[in-house]
There are 2 protein chains.
Amino acid sequence: MPATIHDVAKLAGVGIGTVSSVLNNSRPVSEETRRKVLEAIEKLDFVPNPSGRRLSMGKTHTIAVIITYFTLASQFERLRGVMSVIAESDYDINLFAIETIPQRNKVFQTVPRRGRVDGLLIFSIHPTKEDLRRIRQQKIPVVLVEGYHPELSHIFLDDMAGARQAVEHLIGLGHQKIAYISDYLDDLFSSGFNRNRYMGYCQALEAAGLPVRPEYHRQGWHTRENGRQMALELLNLPDPPTAIFCFSDEFALGVLEAARDMNLRVPEDLSVVGYDDIELARFAQLTTVRQHLFESGVQGVELLFEAIENPDAPIKEIQLPTELVVRQTTAPPCR
Amino acid sequence: MPATIHDVAKLAGVGIGTVSSVLNNSRPVSEETRRKVLEAIEKLDFVPNPSGRRLSMGKTHTIAVIITYFTLASQFERLRGVMSVIAESDYDINLFAIETIPQRNKVFQTVPRRGRVDGLLIFSIHPTKEDLRRIRQQKIPVVLVEGYHPELSHIFLDDMAGARQAVEHLIGLGHQKIAYISDYLDDLFSSGFNRNRYMGYCQALEAAGLPVRPEYHRQGWHTRENGRQMALELLNLPDPPTAIFCFSDEFALGVLEAARDMNLRVPEDLSVVGYDDIELARFAQLTTVRQHLFESGVQGVELLFEAIENPDAPIKEIQLPTELVVRQTTAPPCR
DNA sequence: GGAAAACTCGGAAACGTTTCCGTATAGACT
DNA sequence: AGTCTATACGGAAACGTTTCCGAGTTTTCC
């Protein structure tokens with residue numbers, strides 16, 4: 001039903017090659033002919049069929065964005081960064097959200113294919129050996145955002161340093177009993193690389209000569225409600241912590257809720273530090289570790305575009321800073 | 001570089017038609033042959049090239065999701081609803097975020113095409129006559145989410161009723177001076193259909209015999225910061241309002257910030273009502289009008305799938321309820 | 001004026017599928 | 001044994017592009 005390039009050629013009285021030339025500026029066309037072709041295109045409201053184009057060119061002009069933890073506001077921020085670049089480009093974006101292992105498998109099996117997409121942008125996932133094998137075999141450009149792999153381009157965020165900063169801040173305020181609420185360390189997707197924040201936490205404690213108390217570490221699936229639950233558990237301990245550092249702002253907001261539930265004042269009775277600096281951290285006056293979320297999305301696509309442009313270039317690594325943003329949920333302990 | 005169906009056929013010692021049959025179960029194949037084909041597929045790690053398939057079938061197995069106000073958490077919620085359904089289907093999703101008029105034009109000109117996508121899911125945009133013409137001409141299924149058009153399927157949210165509820169609640173508490181902070185009424189994208197909430201606001205006032213005071217109505221682009229600014233303006237009026245109803249929770253959070261800036265207590269000195277009930281409204285204890293955001297995304301795709309399945313079915317209209325959620329930012333006025 | 005160069009342009013081939021027409025083989029029935 | 005039916009399968013054609021070879025026309029230059 002939609003017009004094809006043949007219809008345009010016929011109406012303009014030229015060959016299909018000429019129409020294609022006009023469309024892509026791929027070879028010189030006389031002014032006169034160009035005008036006729038453009039008129040025909042206009043009249044027929046012709047837009048080239050992308051499948052035909054893709055098939056012929058072997059390029060899809062599409063990138064896949066694969067996202068885990070799609071419930072997190074931080075992922076949304078990153079995605080927004082990506083979209084802001086995409087809108088200016090002539091690329092399309094295919095979105096894949098993965099929440100479960102079967103989904104992860106399906107996506108990694110089917111998506112990283114030449115002929116399917118031109119490149120992959122992967123958020124917060126640590127590729128396995130198997131993934132890497134496939135990527136190599138398909139020679140498909142990949143950029144990890146908030147991920148690390150020595151053989152793949154990535155936007156790297158120094159989680160260990162960020163966590164250390166946060167905990168050092170608490171220690172500096174005089175806290176000795178600092179708990180940590182995290183995602184599962186042996187995470188399904190990231191194969192343990194989110195241990196980094198935990199390690200930063202431990203390092204800071206040890207550097208200050210403080211013990212790492214296992215009962216002060218809780219793990220749970222990434223929701224605010226879980227943050228609240230875990231905080232309640234911590235605060236009901238015989239010897240409760242005076243400060244809680246959280247893997248994400250999402251968790252931290254849950255902790256603030258828990259404090260409210262227990263009529264604890266923040267920061268007088270309890271200090272809370274989050275991670276990410278999502279939009280609403282500012283609103284909640286939350287002390288947190290800022291990641292450049294939007295920016296990481298922007299740089300991620302840009303890196304990917306470069307890699308698509310120039311597939312043989314060496315991998316690139318961009319490190320974005322993390323910085324502690326001190327707001328009003330941290331203070332010296334009262335007791 | 002990737003294996004094609006011809007490679008598979010050759011390796012398995014069969015014809016390409018047979019391979020295709022195995023892939024799509026499109027005609028009976030003997031057990032023996034099927035086994036050989038599957039083995040070859042396995043060995044070559046073959047996955048059909050989507051462009052070829054699309055071109056041949058005239059179906060893309062892709063839907064476009066077009067989103068405005070992509071900064072809003074509410075849109076993210078909707079998108080999450082969409083993704084949850086998509087993940088279970090064998091459809092891909094192409095995401096388009098539009099923030100400006102040129103972007104809007106480009107997207108509406110190029111995306112609603114047979115051969116490009118099988119269907120469109122459009123968030124919070126009111127299609128123009130021109131859009132409709134194109135959609136009709138291309139005979140492409142469309143579902144509007146948070147939109148209304150008599151000739152297109154849509155998930156409808158009764159904004160007028162929602163706004164009325166909110167304002168009636170404030171009036172019920174005894175407020176007489178109720179301001180409204182909104183998006184631009186003559187909005188670029190929605191051609192005035194977001195007037196509905198404004199009309200609900202006016203209706204409620206008039207029903208209670210209260211005047212609609214123009215100085216109590218502010219319009220601005222959709223960000224929390226703008227909400228804050230507009231609230232400051234309102235609160236510095238010679239005769240400031242005692243309650244502010246907001247077009248979105250985003251705005252409302254800005255209003256709360258403004259109140260904090262001015263050392264006003266909420267709800268004692270100022271009542272605030274939002275709209276959407278995004279995740280963080282609960283955290284902020286915000287009284288708001290709940291929309292079933294996630295659900296609207298879910299139902300939107302489902303409607304779209306139905307329409308793709310059965311293109312000649314009459315358009316469908318689903319109305320999702322809005323409900324007032326009273327939390328702690330509203331109370332009777334003190335003065 | 002004629003050869004060479006420059007400029008235009010037409011359309012077959014190729015991209016990787018699915019579809020479908022047609023053929024081959026095996027089994028059933030008379 | 002011969003005919004018919006059912007079953008299994010091969011491969012050409014078609015989908016809508018881009019690419020590129022080759023041909024036609026005009027211009028340039030000696």
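In what follows, chains carry the letters A, B, and so on, assigned in the order in which the sequence lines appear, proteins first and then strands, with residues in each chain numbered from 1.
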Touch check for A:Gly58, heavy atoms < 4.0 angstrom, all strands: base, sugar-phosphate only, or nothing?
nothing
Taking D:dG11, C:dG16, C:dG10 as options, the one with an atom nearest any side-chain atom of B:Ile16 is D:dG11
Which part of the nucleic acid, if any, lies within reach of B:Gly15 when heavy atoms closer than 4.0 Å are counted: base, sugar-phosphate only, or nothing?
sugar-phosphate
Under 3.5 Å, N/O pairs linking protein and nucleotides 21-25 of chain D:
none

Which one, C:dT18, C:dC9, C:dG16, comes nearest to the side chain of B:Met57?
C:dT18
According to a strict under-4.0 Å criterion, is A:Arg53 in side-chain N/O contact with OP1 or OP2 of D:dT18?
yes
Kindly write out the residues that satisfy side-chain contact (heavy atoms from CB on, under 4.5 Å) with A:Ala73, not counting sequence neighbours, or none if the list is empty.
A:Glu250, A:Ile278
Of the nucleotides C:dT17, D:dT17, C:dC9, which one has an atom closest to the side chain of B:His6?
C:dT17
Would you mind checking if A:Glu130 and A:Arg134 are paired as a salt bridge, meaning a charged N to carboxylate O distance below 4.0 Å?
yes
Checking contacts here: which listed nucleotide (D:dA8, D:dT19, C:dT18) is nearest the side-chain heavy atoms of A:Ser26?
D:dT19
A:Arg53 and A:Asn24: side chain donor to acceptor below 3.5 Å
yes
Quick one: is D:dG16 close enough that its OP1 or OP2 comes under 4.0 Å of any side-chain N or O from A:Ser56?
no
Checking all strands, does B:Ser20 fall into the base, sugar-phosphate, or nothing category for heavy-atom contacts under 4.0 angstrom?
base
